[in-house]
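A, B, ... follow the sequence lines: proteins, then strands. Residue 1 opens every chain. The figures that follow rest on heavy atoms only: side chains count, while hydrogens, waters and symmetry mates do not.
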Protein chains: 2
Amino acid sequence: MILTVTPNPALDLTYRVPRLLPGETHRAAAPAVRAGGKGLNVARVLAQTGSAAFILTTAGGAPGLRLADDLEASQLPSELVPVAAPTRSSVAVFDESSGETTVINETGGPLTPAEWTALHDAVDRLVVPATCVVGSGSLPPDAPDDVYARLAAAADAHGLPSVIDAVGAPLVRAAEAGASVVKPNRRELAETTGLDDPVAGARVLLDAGAGLVLVSLGAEGMLAVPPEGEPVHARLGTPLTGNATGAGDAAVAAVASLLAAGVSDPSALVRRATAWSAAAVLAPLAGELAPGFRDVESRIETG
Amino acid sequence: MILTVTPNPALDLTYRVPRLLPGETHRAAAPAVRAGGKGLNVARVLAQTGSAAFILTTAGGAPGLRLADDLEASQLPSELVPVAAPTRSSVAVFDESSGETTVINETGGPLTPAEWTALHDAVDRLVVPATCVVGSGSLPPDAPDDVYARLAAAADAHGLPSVIDAVGAPLVRAAEAGASVVKPNRRELAETTGLDDPVAGARVLLDAGAGLVLVSLGAEGMLAVPPEGEPVHARLGTPLTGNATGAGDAAVAAVASLLAAGVSDPSALVRRATAWSAAAVLAPLAGELAPGFRDVESRIETG
């Protein structure tokens, strides 16, 4: 199975309003509630596409109980490390007239040293039956910089590939620990390296030790930058409109599924990552691909 | 004490963002959490201004537990009727750059017939030591039309005055039951009666049986329409800017405090209601008056 690790999950609450008017009061039905967080979305996409995925995350307080309930209902295998801080919420407001979603993401509460130890102990146990390890998403406040580095190292110690989707020091440290693939988006890469050019930024992470850097470029597709040889740029020939939330998680799922199957060719990885990202944009919910996702891959242009 | 009854309370969650951008994702600290609902705000204003207030409301699910916690912390005396439906939330996003607050008010879940009976039984017990009864705020979905009428009738049976702040059929039924004062705002009165002119609309509620109709007109102050004699219009001479949330609740508190003290003169009621509304606009939180609220009353112009 592919082990996804999400240190800072969220309870996703989605309201629908006919039209969102800043400064006004709106009436709405109770929100749709869903266990969220990038690693959970990755696991959902893996489950949909036929890979066995396992979710390791944390849960605290009343929102943590609701997160656990939703995970159980979704039948995704999971282990929740109990933590004292209540699981954060992410509040989304869907505007039915514009189709736009406005999101307030809580930063979350810090984990205690004992809770971090419990999370890493769980990784050490769960990495044994794993075929690939994924670490993704923001970290709680005051998290150690080496959370994702330890994940990459634990994978490496078992001869397993790893994919890390993060930003800043935790991403650099994961690269230094030899993560197989790191996947920032263009803005996150610039924020991490201080370099606006994605190829130059990717070189920083490759020099640090990453096996491959995959940079998502939004509507312009995706760039795979290997340590040697030319970068590969993949994009869908036709423009898309839809819900970009979760597109990056679909890309991570695509990469993890290929790495788990022993495929590490940059062109193959970036091609499927771009295809699944596009299929995620066409699906209504984060963590889902539109039904035709297998056909999208043939429409991806690389160069 | 003044008994406030709130059948559909809310857990108020307030986020702060530097700037609210529709369609974008924002990061925010955990929200400020507060027991909310119009009757709770009325009780807070009464407590601040020196009247003993008692809160009768409902609580359900995890949000109901948080509501109970906050009420206990606030030291406002209260009784919570346990209900199965989780207490609704009201999510506010405060935009630090514009000073505007955008609110999503959940409609809430229905009460069972047994839960309505428990609420009315509690009213029958708590009305005995009361000096005035207040019913305010929206009702849960599928609520009987006579919820506020039964409140006004219970007050009347004990020779007590009542104030009802509602809209639609429950407001009309409360007027029919002889509520001492009904306080819709201009929009609610038009919605209830189908008449745009507030004096004409007020006459409908007076004909139904209300003792006095108080119509809040926003920046234009407030109108008291008695069954006989001329309407009294009160307003603050100077325009105000601030947070209008809770201004109507402050007006209800003003009226209840005077009625409880045996004052029922329409001019006195509308004067204090307008003053406390203005003082609420100048205070940061709903359920609070700005410290100078006693001085504001002398600045109110009536005509």
Side-chain angles (χ1 to χ4, degrees), chain A residues 8 10-33 60-67 69 85-95 97-110 138 140-141 167 187 243-246 248 286, chain B residues 8 10-33 60-67 69 85-95 97-110 138 140-141 167 187 243-246 248 286:
Chain A
N8 200 23
L11 193 68
D12 287 344
L13 308 174
T14 304
Y15 291 99
R16 295 179 77 94
V17 297
R19 192 183 180 85
L20 181 64
L21 299 167
E24 300 289 320
T25 294
H26 311 71
R27 288 185 74 76
V33 178
L65 292 175
R66 294 178 79 183
L67 183 112
D69 282 348
T87 298
R88 68 195 174 118
S89 294
S90 172
V91 179
V93 182
F94 178 76
D95 178 325
S97 66
S98 71
E100 282 185 343
T101 300
T102 306
V103 180
I104 310 288
N105 263 338
E106 293 181 20
T107 45
S138 68
V167 64
R187 183 185 53 68
N243 169 23
T245 312
Chain B
N8 200 22
L11 193 68
D12 287 345
L13 308 174
T14 303
Y15 290 99
R16 295 179 76 94
V17 297
R19 192 183 180 86
L20 180 65
L21 299 167
E24 301 289 319
T25 293
H26 311 71
R27 289 184 73 76
V33 178
L65 292 175
R66 294 178 81 183
L67 183 113
D69 282 348
T87 298
R88 67 194 175 121
S89 293
S90 171
V91 178
V93 182
F94 178 75
D95 178 326
S97 66
S98 71
E100 282 185 344
T101 300
T102 306
V103 180
I104 309 289
N105 263 338
E106 292 180 19
T107 44
S138 68
V167 65
R187 183 186 52 72
N243 169 24
T245 312

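- Both the backbone and the side chain of A:Ala30 come within contact range of chain B, judged by heavy atoms closer than 4.5 Å.
- Chosen from A:Arg88, A:Arg27, A:Glu100, the residue pairing most often with chain B at heavy-atom distances under 4.5 Å is A:Arg27.
- For the set A:Thr25, A:Val93, A:Asp95, the count of heavy-atom pairs under 4.5 angstrom toward chain B peaks at A:Thr25.
- Pairing each heavy atom of B:Glu106 with each of A:Pro31, the nearest pair is OE2-CD, 3.2 Å.
- If you measure heavy-atom distances from A:Ser138 to chain B, the contacts under 4.5 Å come from the side chain alone.
- Between atom CD1 of residue A:Ile104 and atom CD1 of residue B:Ile104 there is a gap of 10.0 Å, rounded to the nearest 0.5 Å.
- What you find for A:Thr102 and B:Leu21 is that their closest heavy atoms are CG2-O, 3.8 Å.
- No donor-acceptor pair closer than 3.5 Å links the side chain of A:His26 to the backbone N or O of B:Asn105.
- Using a 4.5 Å cut-off between heavy atoms, B:Ala28 contacts chain A through both its backbone and its side chain.
- Of all heavy-atom pairs between B:Thr107 and A:Ala29, the closest is OG1-CA, 3.9 Å.
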